[in-house]
2 protein chains.
Amino acid sequence: MEDFLPVINYVSRHIQLTDEEKSYLASLLRITRVKKKQYIVQPDFVCKYKSYVVKGALRSFLMGNEGQEHTISIAIEDWWIADYHSYINQVPATLFVEALEDSILIQIDYNAEQLLMETHPKFERFFRIISQRSLASTQHRMLSNLSKTAEQRFEEFETKYPKMMNRIPQYIIASYLGFSSEFLSKIRNNRTKKS
Amino acid sequence: MEDFLPVINYVSRHIQLTDEEKSYLASLLRITRVKKKQYIVQPDFVCKYKSYVVKGALRSFLMGNEGQEHTISIAIEDWWIADYHSYINQVPATLFVEALEDSILIQIDYNAEQLLMETHPKFERFFRIISQRSLASTQHRMLSNLSKTAEQRFEEFETKYPKMMNRIPQYIIASYLGFSSEFLSKIRNNRTKKS
DNA sequence: ATTTTTACCTGTCCTATTTCAAGCTCATTT
DNA sequence: AAATGAGCTTGAAATAGGACAGGTAAAAAT
């Protein structure tokens with residue numbers, strides 16, 4: 001059970017858990033180690049697991065028809081990642097989920113999650129809270145994309161996720177913010193001139 | 001209670017309700033009528049209610065610094081609308097929610113929703129399911145915005161929401177899809193030439 | 001130790017989309 | 001009946017950001 005403490009703590013930040021609930025939750029989890037560049041989800045395969053990042057970094061992205069990669073989400077320590085559409089509907093994925101560094105993950109599979117909610121309805125609350133939070137933050141991202149320029153979005157990203165700036169390659173950040181890596185390079189260049 | 005049947009039916013599509021639960025739910029709802037152009041949410045005021053559209057059409061939008069309107073969501077019959085960030089955190093809104101037609105709404109307020117979940121935990125499940133669904137669809141919208149051209153997004157909108165095409169002004173659809181209304185006009189013009 | 005690959009930068013040209021300005025049509029108000 | 005305003009169109013000029021090509025340095029693979 002010690003192995004799963006990071007997830008148990010994560011859940012405990014949102015709902016109160018008894019010892020029985022903690023160990024039942026732990027019984028449904030598993031640990032996985034992945035190497036840099038390894039895919040844990042691929043198009044056409046159902047995304048069976050939702051992954052909590054204990055150590056490392058991953059991203060989910062869409063491969064466009066002309067080979068352009070569009071990063072949907074980035075996860076470092078204490079974040080979750082999956083192809084959510086594939087996961088919640090248990091249909092084939094459209095995204096890749098790729099390790100950006102050697103990583104350690106704690107995973108829960110779809111059936112276990114359903115079982116968890118059926119036997120312990122308290123977890124419905126947990127999943128509701130985190131879905132609502134991600135919904136609010138995804139909507140905020142939409143809003144930034146609609147109303148801000150590339151440079152403004154980049155600044156917002158820097159202040160919001162300083163830890164990612166050092167670790168995540170810039171071409172991935174660019175593809176997350178919705179512009180080309182060359183353009184990001186130009187933004188940075190302009191800034192050093194100004195200052 | 002007849003007045004609230006649309007919402008009771010909506011909820012019943014996702015979870016099974018007893019008669020007691022239905023009438024308790026109904027006791028927490030209220031009906032509101034709004035006229036075209038009326039705001040039901042405004043920046044700096046807390047968004048107290050989540051609104052289900054019985055009849056009519058509304059949108060939520062952000063007013064940019066230079067006066068550009070960015071439409072975040074559009075709701076017609078059988079949709080819900082609110083400034084979600086303001087609603088779930090009970091902090092001042094940043095969005096407007098505006099009636100696009102004379103409308104009839106069924107509303108639930110934040111405290112009633114919390115009470116509902118505490119006294120009848122079954123509703124946690126309902127709110128979880130709909131948050132997850134909106135999360136999946138918001139992520140899909142992000143993905144379209146990142147990977148598709150203006151014309152492709154417009155085509156996607158047409159096939160996905162045909163009912164809105166007839167009712168919602170084009171400048172609002174453009175601001176929802178993330179481009180100018182003039183450009184939408186040009187897209188349509190190009191198409192009639194081709195066909 | 002050397003070769004290959006990855007991430008990043010820079011310049012030039014290119015295009016999707018914006019901005020501005022004007023005009024048109026239809027519905028609503030007076 | 002005139003006036004107003006909302007929504008849509010059109011065209012010309014401007015621009016944010018993209019695509020391409022080439023170059024460098026460091027990291028990773030052999």
Side-chain angles (χ1 to χ4, degrees), chain A residues 35-39 57 59 61-71 74 96 98-102 144-158 164-194, chain B residues 35-39 57 59 61 64-71 74 96 98-102 144-158 164-194:
Chain A
K35 307 233 20 144
K36 185 169 172 173
K37 290 202 183 175
Q38 193 177 326
Y39 295 141
R59 66 157 173 162
F61 69 96
L62 174 73
M63 180 66 76
N65 300 327
E66 284 86 25
Q68 340 86 149
E69 300 175 359
H70 302 280
T71 299
I74 303 177
F96 290 88
E98 175 195 33
L100 302 176
E101 304 173 0
D102 294 353
S144 286
N145 280 208
L146 290 176
S147 64
K148 298 186 176 167
T149 66
E151 181 163 9
Q152 289 169 330
R153 276 176 276 152
F154 178 62
E155 276 164 12
E156 187 180 14
F157 186 93
E158 278 183 301
M164 294 190 181
M165 285 302 300
N166 318 310
R167 296 169 69 169
I168 311 296
Q170 291 188 24
Y171 77 93
I172 289 177
I173 295 176
S175 83
Y176 175 87
L177 294 174
F179 45 80
S180 69
S181 61
E182 292 95 330
F183 194 68
L184 177 46
S185 194
K186 283 164 199 172
I187 289 173
R188 307 183 103 227
N189 189 314
N190 282 336
R191 288 211 284 179
T192 50
K193 275 179 197 160
K194 281 180 200 160
Chain B
K35 307 235 23 146
K36 185 170 173 172
K37 293 198 181 179
Q38 191 176 328
Y39 296 141
R59 67 157 173 161
F61 69 97
N65 300 327
E66 283 85 25
Q68 342 84 160
E69 300 175 359
H70 302 281
T71 298
I74 303 175
F96 290 88
E98 174 196 33
L100 302 175
E101 302 173 1
D102 293 353
S144 286
N145 280 208
L146 290 177
S147 65
K148 298 186 175 167
T149 66
E151 182 163 8
Q152 289 169 329
R153 275 176 276 150
F154 178 61
E155 276 163 12
E156 188 180 13
F157 186 93
E158 277 182 303
M164 294 190 182
M165 285 302 300
N166 317 311
R167 294 171 70 170
I168 311 295
Q170 291 189 23
Y171 77 93
I172 288 176
I173 295 176
S175 83
Y176 175 87
L177 294 173
F179 46 81
S180 70
S181 63
E182 292 94 331
F183 194 65
L184 178 46
S185 191
K186 283 162 199 173
I187 288 173
R188 307 182 101 227
N189 189 316
N190 282 337
R191 288 211 287 179
T192 51
K193 275 179 195 159
K194 281 179 198 158

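Worth saying up front: this structure is predicted, and the values here are computed from it rather than measured. Labels below follow one simple rule: chain letters A, B, ... track the order of the sequence lines, proteins then strands, and each chain is numbered from 1.
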Over how many whole Å does the gap from [X] atom [atom1] to [N] atom [atom2] extend?
X	N	atom1	atom2	result
Asn166(B)	dG7(D)	CG	C1'	16 Å
Lys36(A)	dT5(C)	NZ	C1'	11 Å
Ile173(B)	dT9(D)	CD1	C1'	16 Å
Phe154(A)	dA16(D)	CZ	P	18 Å
Asn190(A)	dG11(C)	CG	C1'	13 Å
Arg167(B)	dA6(D)	CZ	P	21 Å
Lys35(A)	dA29(D)	NZ	P	9 Å
Glu98(B)	dA6(D)	CD	P	11 Å

*Assess whether one donor atom and one acceptor atom, taken from the side chain of Lys186(B) and the base of dT19(C), lie less than 3.5 Å apart.*
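In this structure, the two groups form a donor-acceptor pair.
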
*With distance as the sole criterion, do the side chain of Lys37(B) and the base of dT28(C) form a donor-acceptor contact below 3.5 Å?*
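By the distance-only test, no, there is no pair.
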
Closest to the [X] side chain, choosing from [options]:
X	options	answer
Phe179(A)	dC9(C), dG17(D), dT10(D)	dG17(D)
Pro169(A)	dA7(C), dC8(D), dT17(C)	dA7(C)
Ser180(A)	dT18(C), dG18(D), dC8(D)	dG18(D)

*Would you please name every residue forming a side chain to side chain contact (heavy atoms under 4.5 Å, CB included) with Lys148(B), sequence neighbours left out?*
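Lys148(B) satisfies side chain to side chain contact (heavy atoms under 4.5 Å, CB included) with Ser144(B), Gln152(B), Arg153(B), Glu156(B) once adjacent residues are dropped.
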
*asked:* Given Glu98(A), which partner from the list Lys35(A), Lys36(A), Arg59(A) fulfils the salt bridge (Lys or Arg N to Asp or Glu O under 4.0 Å) test?
replied: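 The passing option is Arg59(A).
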
_First encountered from the 5' end of DNA chain D, between Glu182(A) and Ala150(A)_ =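 Comparing both residues, the 5'-ward one is Ala150(A).
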
*If you find the nucleotide of DNA chain D closest to Ser181(A) and the one closest to Tyr171(B), which residue's nucleotide is nearer the 5' end?*
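On the 5' side of the pair lies Tyr171(B).
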
Are any of [X]'s side-chain N or O atoms less than 4.0 Å away from OP1 or OP2 of [N]?
X	N	answer
Asn189(A)	dC9(C)	no
Arg188(B)	dC8(D)	no
Gln170(B)	dT9(D)	yes

*Are Phe179(A) and Phe154(A) an aromatic pair by the rule of ring centers under 6.0 Å?*
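No, ring centres 6.0 Å or more apart.
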
*Atom of His70(B), atom of Gln68(B) and distance for their closest heavy-atom approach*: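 So the two residues come closest at CD2-O, 3.5 Å.
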
*Taking the six-membered ring for Trp, are Phe61(A) and Phe96(A) parallel (under 30°), tilted (30 to 60°) or perpendicular (over 60°)?*
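Because their plane-to-plane angle is under 30°, the rings of Phe61(A) and Phe96(A) count as parallel.
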
